[in-house]
Every structure is written in structure tokens, then in C-alpha cells.
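Naming convention: chains lettered A, B, ... in sequence-line order (proteins, then strands); numbering from 1 in each chain.
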Amino acid sequence: MGPATILHADLDAFYASVEQLLDPSLRRRPIAVGGGVVLAASYEARAYGVRGGMSGWQARQLCPQLRFVGGHFRDYQRLADQVMAVLRDFTPVVERISVDEAFLDVRGATHLFGPPPVIAEEIRRRVRAEIGLAVSVGVARTKHLAKVASQVAKPDGLVVVESGREREFLAPLPVELMWGVGPATQARLHARGVRTIGELADVSPAALQHLLGDAHGAQLAALARDHDPRPVAPRAKARSVGAQSALGRAPATAEVLNDAFARLADRVASRLRAAGLEGRTVSVRVRFPGLRAVTRSVTFPDAIASTRALTEIAAFLAARAIEEEAEHAITLVAVSVSHLRRDAGLQLPLPFEPRARLDEAARWALDRSVDAVRERFGRGAVGYAPVVLGAAGSVPDEFRALAEHDLAQEAE
DNA sequence: TCTGGGGTCCTAGGACCC
DNA sequence: TCTGGGGTCCTAGGACCC
């Protein structure tokens, strides 16, 4: 059994903490970032039961004096990047898993900086002193344990799980603290009388697989017994790139679909081209009032990366799905491209609809020139007509960018 | 009065091939 | 006129994560 050298560092109530850092009058007060939906709540707001993901009105019911603040999304990215830079001062083995959290393996850093708990405290001290934010840290032998430990450490704490005491640490904790246990799994486990990780470890892997499916059951059985071999590693290459847009309640017309998918396809295709990627499969998701949603996808022999091809394919798939479902209103549309590969440079004509076969190479070349202008003058400088005119997107691009995964890894 | 946006992985059935 | 098994790919849906 190896030593506990894996750290999980997680910024506390990140968006809300940044707002309180930027505006001292918000400190020690219940605030929420967002409007229609709570993107993040300060700890003062959480004391009232306010949680991320809640609708705004629901949050106000719980906490009438709740202050909603606009998101300074560029500052979130900037400050989180500074925190990551601090982490990289201790080891290059940093795996960033979202804007505000990361794993580190400090195995090779102890001779310079001391044992892992000392490194963890130094990280917390520096992030507090240099950036002004609280970061909680878990230290353990595995990623899963380190992550659970940082959750237990919050707010503004440090929890070290000593090597050899892992199962003792896990046993009393509720199952929903485990990576991979969400509402559905939690409900199934509770129905079986399993509430703690210790109780979960007492269930046979076979029984868990029967209850939760082969892969998921086996994984939870392993994690509950503290078997987690995953190393801290840079992110694997991206497998899909997508974008979505909530529409409120919109009529399911061709105009709405064309406009929405033009905007989404523009985002997705630009990111693909910037990363030198293209994809063979286009998937579309349409959500109807009542949260029911359907998915449609199509896979081509050749990959695409042009905005126009993606727009046409996505709008076509969505229109067909809406017709099949006999719906007349939609609340959300999404498009995603998968089966990614390095762009071949040579773009073949797309055999999607022979009548309207357009030269994919020409579209791609046009898109590249649009990308180049935007790079110099900004996104608003140039765009296809529906994108420019339909710029009523409710969410700023800076927020979308926060959630994007890094595509800058080699694919295939 | 009903949850944003960007992702990953798994499952199950059907088509198709050997 | 159809028995048996194995593998891959595609599609649709769902759970989960931040």
C-alpha cells in the first residue's frame, strides 16, 4: 500500500466567493450568482438551504434577503487560472477536472517541499494570501479518497486520510459522497437499506451489479472497498464537442430551429476548427415542456467541421424528431459532434442530401477566414446573418467558456 | 410556477458480417 | 428450409460529474 500523496484541491463556493472578493460589501452576506437559476451560492446563503441548480424564485422563498449578483465570468476564469498556477509550483502532475478543482500527485515533490500534508497547508496559505480565496484540500492515497476528503474538509479546511485507515474513514460517510452516486443511485441504495459507504462495502459486488448494472455496480463495489487504481494524469483527449441553449418555451418552427442551431453550430464548429478537429457523428437533443427530451443522431463516413453543414444537419434532425414526436413547443436544443479525429486537411463532399450537396471544402475555407477575423477583432466582428441577428442568447459567451473542456490534446 | 451549459460513460436492441 | 456463436457499429436513452 503506497503513501498518501494525492491531493484534491477544490475552491469553496467558487463563483460566489469571487463576487465577495471583488465587492467587499457582499462579504458575510447571503448571495447567489445567477438569476433564473442559482449558479452558485455563498455559504451564508447555503445556511438557508440555497443550493446551486435551484430556480431563483425557490431560492428567494428560502432566503428573502438573498442578493443576486451578475457573474464576472472573465474574473472567474482569471482567478482560477492563478490558483492552478500555484498548484503547478509544487508539481507538474496536475489534473484539472473543472475550472475550480484539480488533482495533484506530490510524490516527487516531498523532498523539496515536505510531506503531503505540509504541501497541502502551504497551498491553502498561498491561495489565501496571493489570490484571496479559500481552497479546501483532501490528501489521500487515491483520487477517490482525496476527493471525498476535500468534500469533508469544506469549508476552508484540510483533511488527511492516512494510509491504512481508508476504510475506517469511509465507513460512516453517506453513500452520496461517493463519486458516481447521484440521485438515482442514491434512491436505489436507500431502498435496499444502504445509507453509508460501510454498508455499501458489505454488499457483494454481484448484488450491486444486479442492482445498478455491470459497470456501475462493479465500480461502486471497488470504490467502497477503496480499490481505485486511477493515476493523476492530464485529461484524455476530448470525445465530443457540443453546445446547448435553453429557449424558454418556443414554438417548434423552422425559423426557431434554424436560428438556434445556426448559433450553436457556429460555436461548436469554431471550437472544432480551432483545435484542428472534425467529427463524423452529429447528435441533436430536443427538450419539450415537461422536461421530456429526445435524442437523434447520424453518423457519416466522412467527418465535418463546417458551420453550415453542421447547422443544416442539426436543424434537419431536430425537425424530423419534432415531427415524429408530434410536439409543437420546445424548451431546449442541443447539438454535439463526436467520433472526433484530427482534421484531414482534405475535406470531401458530404453525401448527406444529394440534392443540396454543397462543397464541404469551400464551407470549411470560408469558416476559417471568419475564424481568423474574429481572432483579431473579436467574436462580434463577423458572423453569418442568423448568428449576428439572433444574438439574443441569454447566457454570455464568457460563461459558456468556463464550462468548456480543453480540446488542445491530440485526437487519434 | 418548473434547472444553465459543457462534458463522460454505460446499456440495450438491431443491423450486419464472418 | 434456418442452427449457433461472436464481434463491431450505430442509435436512443439515461445517469452522473462540475
So, OP1 or OP2 of [N]: does either fall under 4.0 Å of a side-chain N or O from [X]?
| X | N | answer |
| --- | --- | --- |
| H339(A) | dC10(C) | yes |
| S240(A) | dG6(B) | no |
| K147(A) | dC18(C) | yes |
| R267(A) | dG5(B) | no |
| R280(A) | dC10(C) | yes |
| R239(A) | dG7(B) | no |
| T299(A) | dT11(C) | yes |
| S55(A) | dT1(B) | no |

Is the Y15(A) ring parallel, tilted or perpendicular to the F73(A) ring (thresholds 30°, 60°)?
perpendicular
[X] [atom1] to [N] [atom2], straight-line distance once rounded to whole Å:
| X | N | atom1 | atom2 | result |
| --- | --- | --- | --- | --- |
| W179(A) | dC17(C) | CH2 | C1' | 7 Å |
| Q209(A) | dC10(B) | CD | C1' | 13 Å |
| I97(A) | dT8(B) | CD1 | P | 14 Å |
| L62(A) | dT1(B) | CG | P | 16 Å |
| H210(A) | dT11(B) | NE2 | P | 14 Å |
| L220(A) | dA15(C) | CG | P | 15 Å |
| R287(A) | dC2(B) | CZ | P | 12 Å |
| E176(A) | dC17(C) | CD | P | 11 Å |

So [X], base contact, sugar-phosphate only, or nothing? Heavy-atom distance under 4.0 Å.
| X | result |
| --- | --- |
| E101(A) | sugar-phosphate |
| V241(A) | sugar-phosphate |
| V99(A) | nothing |
| P289(A) | nothing |
| T185(A) | sugar-phosphate |
| A243(A) | sugar-phosphate |
| Q244(A) | base |

With DNA chain C as reference, determine whether S98(A) or S297(A) sits nearer its 5' end, using the nearest nucleotide of each.
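Going by which nucleotide is closer to the 5' end, it is S297(A).
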Between A403(A) and T281(A), which has a closest nucleotide on DNA chain C that is more 5'?
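It is T281(A) whose nearest nucleotide is closer to the 5' end.
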Would the distance check show the side chain of [X] and the main-chain N or O of [Y] forming a donor-acceptor pair, the cut-off being under 3.5 Å?
| X | Y | answer |
| --- | --- | --- |
| R51(A) | R46(A) | yes |
| R96(A) | A102(A) | no |
| R29(A) | E44(A) | no |

Looking at the side chain of A184(A), which of dG4(B), dC2(B), dC16(C) is the nearest nucleotide?
dC16(C)
Between dT11(C), dT3(B), dG7(B), spot the one nearest the side chain of R271(A), thanks.
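Selected nucleotide: dG7(B).
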Looking at T331(A), L332(A), I330(A), which hits side chain to side chain contact (heavy atoms under 4.5 Å, CB included) with V286(A)?
I330(A)
Do L104(A) and V232(A) have side chains that approach each other closer than 4.5 Å (heavy atoms only, starting at C-beta)?
no
Less than 4.5 Å apart, side chain to side chain, heavy atoms only: is that true for E122(A) and R125(A)?
yes
Need to verify one output field. Residue with the more 5' nearest nucleotide on DNA chain B, L212(A) or L39(A)?
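Upstream on the strand: L39(A).
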Tell me which of M54(A) and G213(A) sits closer to the 5' end of DNA chain B, going by the nucleotide each one is nearest to.
M54(A)
Say we look at dT3(B) and dC17(C): how far apart would their C1' atoms be, to the nearest angstrom?
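Roughly 16 Å separates the two C1' atoms.
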Both distances under 3.5 Å, Watson-Crick or G-U wobble: report the partner of dG6(C), or none.
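Partner of dG6(C): dC17(B).
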